[in-house]
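One structure is given below, encoded as structure tokens.
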Amino acid sequence: MIRILLADDEAMVRAGVRAILDSGGEAEVVAEAGDGREAVELARAHRPDVALLDVRMPRLDGLAAAEEIVRTVPGTAVAVLTTFSERAYVARALAGGATGFLLKSGDPYELLAGVRAVAGGAAFLSPTVARYVIEGLGGGGRLAREAEARARVAALSPREREVLGLVGAGLSNPEIAARLYLVEGTVKAYVSAVLDRLGVRNRVQAAIVAYEAGLVDR
């Protein structure tokens, strides 16, 4: 069972999200917070598998709370759940270490899939957010970024490129192990090596490189 901390300043929203999570049979909400500061405190107290945070909350916004949880509760994966898909929110959430970015307007399946992915150590971006990221968060220079990504990926071994492509597709370590007929520990070592050789902080940033290098179908 995936243990969830749910943070949103609107009780009705929390009730709706909790209902969706309960319907999947894979997750349980172990704590709820109405503001970002409370979310950080509850994350430290409960050590959930996933902290699901709204962006706009009183006392401490969700993005600052995400950064604090990533820093102080390393065993908890952070996913941002919001109605706001503006590029500044996406950029800051990803830079702060969040490995999931979900929109409240998305399909309930997206929420369940996203929670499952980040809890398993994978990355998950809603399709709308993925478009922002892949297109450079709305900026230019796409061809240059793609060329740079291909050059970075060329330095990887064939197996490392294969692993990177599966990371980009949102697969967790156990799923990659099953796909490639490897033991999970070997996959973990490959993922760590890929992150190190690409010079990226987490699986989301690695997934972006995979997309820009053409290792993942768009």
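Only heavy atoms go into these numbers, but all of them, side chains included; no hydrogens, no water, no symmetry mates.
- Pairs passing the salt bridge (charged side-chain N to carboxylate O under 4.0 Å, His left out) check and including a residue from residues 162-191, sequence neighbours excluded, read Arg159-Glu162.
- Looking only at side-chain heavy atoms (C-beta outward), Leu164 and Leu156 come within less than 4.5 Å of each other.
- Distance CG/Leu166 to CG/Leu215: 9.5 Å, rounded to 0.5 Å.
- Contact check for Leu21 versus Leu111: side-chain heavy atoms found under the 4.5 Å cut-off.
- Side-chain atoms of Val50 and Arg3, non-hydrogen and from C-beta on, never get closer than 4.5 Å to each other.
- Scanning all heavy atoms of the two residues, the minimum distance from Gly120 to Ser172 falls at O-CB, 3.4 Å.
- Ionic pairing of Glu26 and Arg116 is present here: one or more N-O contacts between side-chain nitrogen and carboxylate oxygen are shorter than 4.0 angstrom.
- By the 4.5 Å heavy-atom criterion applied to side chains, Leu60 and Met57 are not counted as neighbours.
- If you chain together hydrophobic residues whose side chains sit under 4.5 Å apart, Leu52 and Leu42 never meet in one group.
- Here the straight-line distance linking atom CG of Leu198 with atom CD1 of Ile208 works out to 11.5 Å at 0.5 Å rounding.
- Minimum interatomic distance between Arg47 and Pro74 (heavy atoms only, all atoms of both residues): NH1-CD, 4.4 Å.
- The heavy-atom pair separating Ala77 from Thr99 by the smallest distance is CB-OG1, 4.2 Å.
- In this structure, Val187 is a member of the same hydrophobic cluster as Leu180, with clusters built from ILVMFWY side-chain heavy atoms closer than 4.5 Å.
- Minimum interatomic distance between Glu38 and Glu32 (heavy atoms only, all atoms of both residues): OE2-O, 3.9 Å.
- Cluster annotation: Val30 is not connected to Ile69 through the hydrophobic network of ILVMFWY side chains, with a link wherever side-chain heavy atoms come within less than 4.5 Å.
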> Which is it for Thr72 and Glu67 under the side chain to side chain contact (heavy atoms under 4.5 Å, CB included) test, yes or no, and what are the steps along the way?
Replying inline: CA-CA 9 Å; Thr72 61; Glu67 293 170 357; over 6 Å; no

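- Within 6.0 Å of CE on Met12 lie no more than 12 heavy atoms contributed by other residues, nucleotides or ligands.
- Grouping the Ile, Leu, Val, Met, Phe, Trp and Tyr side chains by contacts below 4.5 angstrom, directly or via other members, places Leu171 with Val209.
- Within the model, atoms CZ of Arg56 and CD of Glu10 stand 11.5 Å from one another, a figure rounded to the nearest 0.5 Å.
- Within the structure, the side chain to side chain donor-acceptor pair (under 3.5 Å) test picks out the following pairs touching residues 190-199 (sequence neighbours left out): Glu160-Arg197.
- Counting only distance, with no hydrogens or angles, the side chain of Asp22 and the backbone of Gly25 share no donor-acceptor pair below 3.5 Å.
- None of Val163, Val191, Thr186, Leu182 except one satisfies the side chain to side chain contact (heavy atoms under 4.5 Å, CB included) rule with Asn173; the exception is Val191.
- The distance from the CD atom of Glu28 to the CG atom of Asp49 is 9.0 Å, given to the nearest 0.5 Å.
- The shortest distance between side-chain heavy atoms of Val194 and Val167 does not fall below 4.5 Å.
- Leu195 contributes atom CG, which lies 7.5 Å from atom CZ of Arg203 (distance to the nearest 0.5 angstrom).
- Salt bridge present: Lys104 and Asp54 bring a charged side-chain N and a carboxylate O closer than 4.0 Å.
- Put simply, CG on Leu53 and CG on Leu81 are 9.0 Å apart, with the number rounded to the nearest 0.5 Å.
- The two residues Ile20 and Leu112 come nearest to each other via the heavy atoms O-CD2, 3.5 Å.
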> Hey, mind stepping through Glu68 and Arg71 against salt bridge (Lys or Arg N to Asp or Glu O under 4.0 Å) and telling me if it holds?
Replying inline: CA-CA 5 Å; Glu68 186 70 8; Arg71 187 178 66 83; 2.8 Å; yes

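- When all heavy atoms of Val78 and Ala66 are compared, the pair lying nearest together is CG1-CB, 3.6 Å.
- Counting heavy atoms from C-beta on, the side chains of Leu102 and Phe124 come closer than 4.5 Å.
- For the pair Thr76/Pro48, a side-chain contact is recorded, criterion being any heavy-atom separation below 4.5 Å from C-beta on.
- Under the 4.5 Å side-chain criterion, counting only non-hydrogen atoms from C-beta, Asp8 is not in contact with Val17.
- Leu63 and Val70 are not part of a single hydrophobic cluster, where members link through side-chain heavy atoms under 4.5 Å apart.
- A salt bridge is absent between Arg150 and Glu212; no separation between the charged side-chain nitrogens and carboxylate oxygens falls under 4.0 Å.
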